[in-house]
Amino acid sequence: YQCIHYWHSSTAAMTSEGRLKWSTLDSKDFDHLLSLLSSHGGNRLSLMISDLSLMKHLPIFETIGDRYISLNERDKNFAIKKSVNFSSMTDYLPLSLQCKLLTGKDEFEGLYEDLNVEFLNEATILSKFILKEFSSMPLSQKESVIKNILSNWVTLSASEELLNELKNTAFVKRRLKNDGEITFVRPSQVFDPRHHLLKAIFDNDKSLFPAEEFQSTKALEILERVGLQRTVDKETFLMC
């Protein structure tokens with residue numbers, strides 16, 4: 001196996017710079033090394049499981065946070081699909097996550113699949129990682145998540161996983177009744193202001209309807225897909 005000559009052992013590769021000084025390599029060098037280890041004459045090598053296992057120990061895989069990591073430290077590894085507009089996600093992706101998600105590269109897609117790296121689109125990233133942590137995010141990050149969801153809904157709405165996660169996530173803005181302060185609730189915890197009867201019944205209580213950007217026609221159409229209250233039932237009448 002080609003990489004065995006660079007290190008005394010896989011343990012040495014992880015505890016010291018060994019014979020190959022990682023700090024002297026740039027992005028092109030890392031790509032060249034990964035290509036050297038996985039292809040020959042422009043054709044990808046058919047690597048054995050033992051080869052792939054050894055390769056996972058090497059800190060040669062680029063993350064979207066511009067770090068190079070090994071893949072052996074986690075049970076699951078993820079890469080962002082090249083089609084994803086990463087620049088629109090930087091405002092809400094935690095740095096800790098940016099340092100774990102691999103950069104998707106066409107030339108290594110087959111290799112990543114052999115290494116059991118799962119490719120993610122933005123909808124999957126939101127549902128797997130971001131929305132589960134939404135409640136503990138700083139306000140600025142919450143605002144960025146909301147902005148992206150509203151802006152990219154045409155693409156994101158194709159994901160049933162994301163739709164289900166949104167139904168259970170308190171990401172919708174609503175004003176508190178007493179002081180008007182903004183709070184975040186699940187879509188099912190607010191009423192549709194387009195519903196004439198609901199609007200007439202609760203016209204004097206704006207705290208029961210979506211607030212700020214969620215009052216727009218586009219946002220209400222999105223909320224309707226993920227649980228916005230649009231029916232007048234017994235429980236609703238008891239609130240009158």
Side-chain angles (χ1 to χ4, degrees), residues 78 80-81 84-98 101 120-240:
F78 303 95
I80 291 186
K81 289 184 176 180
V84 173
N85 180 15
F86 169 63
S87 61
S88 67
M89 302 164 57
T90 52
D91 289 339
Y92 69 76
L93 272 183
L95 289 177
S96 59
L97 187 56
Q98 292 184 36
L101 292 176
L120 307 177
N121 55 30
E122 185 171 6
T124 313
I125 293 170
L126 284 166
S127 58
K128 279 185 177 292
F129 303 107
I130 304 303
L131 293 179
K132 296 182 186 304
E133 304 296 329
F134 188 87
S135 62
S136 60
M137 284 182 172
L139 180 58
S140 60
Q141 282 186 311
K142 289 180 177 179
E143 295 280 7
S144 295
V145 172
I146 292 169
K147 180 181 178 180
N148 260 37
I149 291 174
L150 298 182
S151 301
N152 301 325
W153 183 249
V154 173
T155 301
L156 296 175
S157 61
S159 170
E160 287 296 326
E161 182 182 10
L162 177 60
L163 293 178
N164 290 330
E165 195 65 37
L166 286 171
K167 291 177 182 178
N168 298 306
T169 302
F171 75 99
V172 183
K173 291 181 182 178
R174 183 179 78 177
R175 293 193 182 280
L176 295 177
K177 187 172 184 178
N178 295 331
D179 56 14
E181 183 180 347
I182 289 292
T183 187
F184 291 90
V185 298
R186 297 189 303 275
S188 60
Q189 292 178 287
V190 286
F191 293 123
D192 188 345
R194 300 169 300 177
H195 192 292
H196 297 301
L197 182 56
L198 288 172
K199 186 175 181 181
I201 294 173
F202 301 111
D203 187 51
N204 295 323
D205 189 356
K206 303 301 182 184
S207 68
L208 298 175
F209 298 100
E212 296 190 351
E213 63 263 54
F214 288 100
Q215 294 176 315
S216 71
T217 300
K218 179 180 179 180
L220 291 171
E221 291 174 351
I222 292 173
L223 295 182
E224 186 177 350
R225 292 280 306 275
V226 293
L228 178 65
Q229 286 284 5
R230 302 194 74 249
T231 58
V232 180
D233 54 20
K234 180 180 178 180
E235 185 176 342
T236 304
F237 272 110
L238 291 175
M239 295 176 62
C240 299

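Positions are given from 1 along the sequence.
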- Message: Using the rule given for side chain to side chain contact (heavy atoms under 4.5 Å, CB included), can you reason through K81 versus L120, listing the C-alpha separation, both sets of side-chain angles and the distance that settles it, and then say yes or no?
- Response: CA-CA 6 Å; K81 289 184 176 180; L120 307 177; over 6 Å; no
>> I'd like to know whether L126 forms a side chain to side chain contact (heavy atoms under 4.5 Å, CB included) with N148, so could you lay out the CA-CA distance, the side-chain angles of the two residues, the decisive distance to 0.1 Å, and finally the verdict.
In response: CA-CA 10 Å; L126 284 166; N148 260 37; 5.8 Å; no
Under 3.5 Å, which donor-acceptor pairs do the side chains of residues 218-226 form with other protein atoms, sequence neighbours left out?
unit_1 : atom_1 : unit_2 : atom_2 : d
K218   : NZ     : L150   : O      : 2.7
E224   : OE1    : R194   : NH2    : 3.0

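Summarising the geometry, atom CZ belonging to F214 is positioned 11.0 Å from atom CG belonging to L228; distances are rounded to the nearest 0.5 Å. One distance of note links CG of N168 with CG of L163; it measures 11.5 Å at 0.5 Å rounding. Here the CD1 atom belonging to I146 is positioned 11.5 Å from the OG atom belonging to S151, to the nearest 0.5 angstrom. We find the CD1-CG distance between I182 and L139 to be 9.5 Å, quoted to the nearest 0.5 Å.
Of all heavy-atom pairs spanning M89 and I80, the tightest one is CE-CD1, 4.4 Å. Between F191 and P210 the shortest heavy-atom distance is O-CD, 3.2 Å. Residue L166 comes nearest to P187 through the heavy atom pair O-CD, 3.5 Å, listed as atom of the first residue, atom of the second, then distance.
Among residues at least two apart or in separate chains, salt bridge (Lys or Arg N to Asp or Glu O under 4.0 Å) pairs with a member in residues 122-134 are K132-E165. Annotation: salt bridge (Lys or Arg N to Asp or Glu O under 4.0 Å) contacts involving residues 142-162, sequence neighbours excluded, comprise E143-K173. Counting only residues at least two apart or in different chains, ring pair (Phe, Tyr, Trp, His ring centres under 6.0 Å) contacts with residues 120-145 comprise F78-F129, F134-F184.
Between F171 and I130, the closest side-chain pair of non-hydrogen atoms is not below 4.5 Å. The closest side-chain heavy-atom distance from D192 to Q229 is not below 4.5 Å.
With sequence neighbours left out, A123 forms a side-chain contact (heavy atoms from CB on, under 4.5 Å) with N121, L156, S159, L162. Residues forming a side-chain contact (heavy atoms from CB on, under 4.5 Å) with R174 (at least two apart in sequence, or on another chain): T183, V185, Q189, V190.
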